[in-house]
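The next block holds one structure in the form of structure tokens; read it before the comments.
These numbers were taken from a predicted model, which means no experiment stands behind them. Each ligand, and each atom within it, is numbered from 1 in the order the structure gives.
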Amino acid sequence: MLAQTLFRSRCCQWLTATGFLLLLSGCGVDDVQPTTLERVKADGVLRVVTRNSPATYFQDRNGETGFEYELVKRFAEDLGVELKIETADNLDDLFNRLNAKDGPVLGAAGLVISPGRQARANFSHAYMDVTPQVIYRHGAGRPSSVDDLLGKHIVVLKGSSHAEQLAALKLQYPQLSYEESDAEEVVDLLRMVDEGQVDLTLVDSNELAMNQVYFPNVRVGFDLGDATRVGWAAAPGEDHSLQDEANAFLDTAKENGTLQRLKERYYGHVDVLGYVGAYTFAKHLQERLPRYEQHFQQAAKPLQLDWRLLAAMGYQESLWQPDATSKTGVRGLMMLTQNTAQAMGVVNRLDAKQSIRGGAKYIAQIKQELPESLLEPDRTWFALAAYNIGGAHLEDARKLAKAEGLNPDKWLDVKKMLPRLAQKKWFSKTRYGYARGGETVHFVQNIRRYYDILTWVTQPQLEDRQIADNNLHLPGINKTPPAEVLAPL
Ligand code: BLG
């Protein structure tokens with residue numbers, strides 16, 4: 001790269017100095033190939049190849065999203081160019097595209113920097129550490145060492161770092177056998193284990209964290225080896241211009257907290273739900289939601305609400321149990337107080353349909369009544385907070401935010417104030433006094449998490465989703481990127 005740049009700058013100096021004589025010399029401008037970075041900037045487009053999966057890139061209610069997408073989008077913004085995403089059918093396809101002339105210039109797909117891959121790409125600095133994990137089906141006997149892999153039906157992705165790992169292991173354990181599949185995605189592998197079609201698979205810890213919520217029977221046997229590093233892959237060759245630029249960007253993203261924020265946003269399911277919570281949610285998604293899905297949809301539609309938000313609220317309130325009752329006498333699937341139920345015309349709070357209708361009507365009313373200065377998406381998070389703690393206490397928290405020089409219209413700021421409503425030092429100065437504001441922060445956070453998950457599960461591309469047999473058809477079956485985008489909130 002350095003040599004190329006030096007050559008270019010010298011050539012330019014010479015060009016300026018010698019003017020048109022240059023043309024006669026035969027060292028024309030045409031001889032100087034632009035670097036990849038220069039091409040990207042000249043075209044105004046950064047072409048990136050990725051995979052369609054919850055851990056990388058998918059479509060949600062607001063359009064394109066995913067950890068890799070968000071990170072690479074910021075890189076494109078930094079470069080001042082448009083981002084153009086394409087999805088590969090499998091990992092081999094991804095590297096082939098990257099190696100193709102006139103193909104995408106960067107691969108961003110949770111790619112482990114493995115020795116085999118380094119021959120096929122120029123990797124950036126690592127931005128995440130992941131651990132390869134052996135995944136088994138709950139109840140089938142936990143594998144705990146390499147010996148337990150022998151004689152098992154193991155499937156991994158073709159072209160994956162796991163296939164490389166198993167190939168290396170096979171040199172020591174010739175009896176080890178495994179299949180490499182190029183027709184599957186990580187979610188498919190997890191589903192196959194979940195349903196007992198294969199005994200074991202290997203998946204990176206981040207992928208499992210992201211997907212645990214969909215597969216109730218999937219468990220980690222053991223970590224196969226140490227943590228590995230994940231980076232972006234640039235096309236191989238002498239031209240390191242894009243790789244250098246990506247490195248500078250990633251280093252800054254690490255320093256200024258961008259990377260950490262994105263990780264929390266996308267990999268936080270297990271952190272927030274807890275490991276047990278994650279697979280309990282998966283179980284309830286299969287067993288309970290189908291009973292109420294239609295009620296949520298019917299209640300949401302006339303009020304122009306997103307039914308998945310209502311469903312997420314219902315899960316947070318009662319784990320989708322119509323007979324839930326709190327110590328304080330709040331009851332039903334949407335946990336309505338007696339007052340709210342009355343105001344919403346709910347006669348029987350324990351009737352799931354009525355409770356969902358009442359909850360929907362109540363949140364729609366709150367959304368309408370909130371101050372106009374609260375804009376989406378924060379407006380929705382404020383509405384959820386008011387649903388839980390009441391509008392009066394929420395107003396107190398907004399006032400505390402203002403007094404602290406924070407922005408009372410930003411959820412991020414007000415959520416810092418809510419826990420203060422439980423501390424005498426603070427609530428004694430408020431108009432409405434004590435309230436368990438910390439719980440409200442968790443309430444909103446959990447609902448947002450469930451909402452994200454429900455959004456992925458109900459992506460429009462999962463058209464072949466069956467609700468037959470009261471079972472949701474889980475994600476990853478259809479790997480083509482969705483054609484439509486769900487309506488924004
Ligand atoms: C909410 C009410 C709000 C009410 C607040 O309490 O209930 N929401 C609903 O009924 C849907 O109307 O605001 S107010 O009318 O302005 O006062 C505050 O009173 C319900 C909350 C309470 C909470 N869950 C919905 O999120 C709950 O169940 N608390 C019980 C906790 S414990 O288990 O008894 O400790």
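- Taking the six-membered ring for Trp, Trp232 and Phe123 have ring centres at least 6.0 Å apart.
- Salt bridge Asp413/Lys416: present, at least one basic N to carboxylate O contact under 4.0 Å.
- Ring planes of Tyr315 and Tyr450: perpendicular class, angle over 60° (limits at 30 and 60°).
- Comment: Arg379 does not engage Glu372 in a salt bridge, judged by the lack of any side-chain N to carboxylate O separation of less than 4.0 angstrom.
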What are the atom names and distances for all N or O pairs under 3.5 Å between ligand 1 and the protein?
from, atom 1, to, atom 2, distance (Å)
ligand 1, 6 (O), Asn388, O, 3.4
ligand 1, 8 (N), Tyr387, O, 2.8
ligand 1, 10 (O), Thr337, N, 2.9
ligand 1, 10 (O), Thr337, OG1, 3.3
ligand 1, 10 (O), Thr340, OG1, 2.7
ligand 1, 12 (O), Thr340, OG1, 3.2
ligand 1, 12 (O), Tyr362, OH, 2.5
ligand 1, 26 (O), Glu317, OE2, 2.5
ligand 1, 26 (O), Asn388, ND2, 3.0
ligand 1, 34 (O), Lys327, N, 3.4
ligand 1, 34 (O), Thr328, N, 3.3
ligand 1, 34 (O), Thr328, OG1, 3.1
ligand 1, 35 (O), Arg436, NH2, 3.1

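- Within the structure, ring pair (Phe, Tyr, Trp, His ring centres under 6.0 Å) contacts touching residues 322-366 (residues at least two apart or in different chains) are Tyr362-Tyr387.
- Here Glu376 pairs with Lys367 in a salt bridge; the nearest charged N to carboxylate O distance falls below 4.0 Å.
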